Each structure stands twice: as structure tokens, then as C-alpha cells.
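Below is one structure; the comments refer to it alone.
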Amino acid sequence: QYPSLALNSSGEPCISFYSYSKDSLMYASRSGSTWTVQAITLVGYHGSLSPYSSVVLDGSNNPTVGFVDSAGAAVATLVSGQWQITRIENGLSDRVALRRASSGTLYFLYKSETQGSPAFRLATFNGSTWSKEDVGSTEGNGIVLSFTIGATGTPRVVYDVLSFPSGNSTQVSVRYLQRNAGVWAS
């Protein structure tokens, strides 16, 4: 369930998804008419696994999968046939999205609830270290809908905000943010 799709340099599909029957994060790739499906071995896996994942490929078609378990946000990267897990943040997290810029920089957007109030956090990997920044408050029950990285490396985020002003009514609004010169603005 909740699949994420990337295409390799040959145009073949690569998919991350959650398997309820196996309670496992999975990765599938196709070559010609043959599918290869494998469980992503989560060393240090903590309790419940969120069904949401996101997959991107590097220039050599190596996958990186962003995910959340009960310990927090993490990425799994396939290196020489083995999945290497990197913990990005400890604590309650949800909803994930990965993108890779044309420069090769990896961007990981997730909903963090570790500092008292929910916020979207963007983690950036430059090839050797991760840095994190808050994108903005989720203003209640926000859910990441989409994000992209522009040609100049500018991240742009779109998400919805659910509010319950009175009674049984629900209001949904959409927020757009982009980072310019280190500042997030709509």
C-alpha cells in the first residue's frame, strides 16, 4: 500500500511500498519483464512502521527510500546489495517525501512532532552530512501533498491544512511555501 514510484535511467519502474501482510517496507524494480521484490531490512527497526514511504534514485540507479517508524524519520539506501539505514530524526514523525536535485543533493521532507508542535522539516544531504530546517508549522493537521526542487535548488512545498472551526464542519486550505535566500515564504 501507499506506493512511491521512480523511473531508472532506462525508464524502468522502481517502487517502494508498505506490505501489511509482512509488516514490512518493500522495494520492487523491473528489468524487462522481470520484477525483483525485496523487503528492506530495517536494522534497528523500532516498533510500528508507518505505511508511507518515498523512493528516489541516484545517477547510478541506486535507490534511497525515506520512511518513518516509531523511532522517527529515516532513509534506507541500497549499497552493494545491502540496505544501509540512516536515522534523520528521533521522535514522532509522519508523512515523508524524497527528491533528488540535478546536483545530486538529496532532500527529505517529513512531518515532525518532536518539539511540541507539528512542523514540516526538510533534511538535506550534500553527500557527506545531513542538515535540517523547519519549513513551517503544519497549522494543525497538515499533510504534505507535494514538493519539488527547482532548477536552481530552490525547494517548494505544497500542503493542506484541515481546520474544524465549528460543529461538524471541516475546512481545507492549501499552503504553498518556497525557500529563497534561506527564508521560507508563500
Side-chain angles (χ1 to χ4, degrees), residues 1-9 11-20 22-30 36-42 45-46 48-79 83-114 118-127 130-136 138 142-150 153-160 176-179:
Q1 289 222 338
Y2 303 103
S4 175
L5 172 68
L7 300 177
N8 68 21
S9 59
E12 295 282 7
C14 301
I15 304 167
S16 67
F17 62 98
Y18 175 74
S19 169
Y20 278 104
K22 296 180 180 182
D23 186 29
S24 184
L25 186 59
M26 307 293 289
Y27 176 72
S29 60
R30 188 179 75 185
T36 301
V37 180
Q38 59 183 290
I40 297 175
T41 305
L42 301 177
Y45 164 66
H46 296 277
S48 63
L49 183 64
S50 170
Y52 305 104
S53 69
S54 184
V55 63
V56 295
L57 305 173
D58 67 14
S60 299
N61 293 322
N62 298 312
T64 297
V65 177
F67 68 96
V68 172
D69 64 16
S70 58
V75 294
T77 303
L78 189 61
V79 178
W83 289 99
Q84 294 182 355
I85 310 300
T86 302
R87 180 72 51 197
I88 305 303
E89 180 170 317
N90 293 318
L92 185 61
S93 301
D94 193 12
R95 312 291 181 175
V96 298
L98 278 175
R99 299 292 183 266
R100 189 175 299 278
S102 58
S103 65
T105 301
L106 184 63
Y107 294 86
F108 183 33
L109 184 69
Y110 55 97
K111 183 178 175 182
S112 172
E113 299 184 25
T114 60
F120 292 122
R121 189 156 293 150
L122 182 67
T124 305
F125 184 67
N126 64 11
W130 285 93
S131 61
K132 295 183 281 189
E133 64 183 299
D134 284 346
V135 171
T138 63
I143 299 172
V144 174
L145 293 178
S146 184
F147 95 103
T148 190
I149 306 299
T154 302
R156 294 175 172 95
V157 177
V158 177
Y159 62 95
D160 67 0
Y176 169 82
L177 297 172
Q178 71 179 35
R179 184 179 66 196

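Residue numbers count from 1 along this sequence. All figures in this text were calculated on a predicted structure; none of them were measured in a lab.
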Do you know the tightest heavy-atom contact between [X] and [Y]?
X    : Y    : value
T105 : F125 : CG2-O, 3.4 Å
P51  : Y18  : O-CB, 3.4 Å
G150 : R156 : CA-NH1, 3.5 Å
M26  : S19  : CG-CB, 3.7 Å
F17  : A28  : CE2-CB, 4.1 Å
G153 : Y107 : O-OH, 3.5 Å

Rounded to the nearest 0.5 Å, what's the gap from [atom1] on [X] to [atom2] on [Y]? Could you check?
X   : Y    : atom1 : atom2 : value
C14 : L5   : SG    : CG    : 8.0 Å
Y52 : S16  : OH    : OG    : 13.5 Å
Q38 : L78  : CD    : CG    : 6.0 Å
I88 : S131 : CD1   : OG    : 10.0 Å
D58 : T64  : CG    : OG1   : 6.5 Å

Exercise. Applying side-chain contact (heavy atoms from CB on, under 4.5 Å), run through Y27 and V55 and close with a yes or a no.
Key: CA-CA 9 Å; Y27 176 72; V55 63; 4.1 Å; yes
Heavy-atom distance under 4.5 Å between the side chains of [X] and [Y], does that happen here?
X    : Y    : value
F120 : L109 : yes
S50  : Y2   : no
P155 : L122 : yes
S54  : R99  : yes
D69  : R87  : yes
I85  : F67  : yes
W130 : V75  : yes
L98  : L106 : yes

Quiz item: Are the side chain of N61 and the backbone of S9 linked by a donor-acceptor contact shorter than 3.5 Å?
Solution: yes
Practice problem: Please lay out, stage by stage, how R100 and L57 fare under the test side-chain contact (heavy atoms from CB on, under 4.5 Å). | Solution: CA-CA 8 Å; R100 189 175 299 278; L57 305 173; over 6 Å; no
Practice problem: For the pair Y110 and F108, name the ring-plane relationship: parallel under 30°, tilted 30 to 60°, perpendicular over 60°. | Solution: tilted
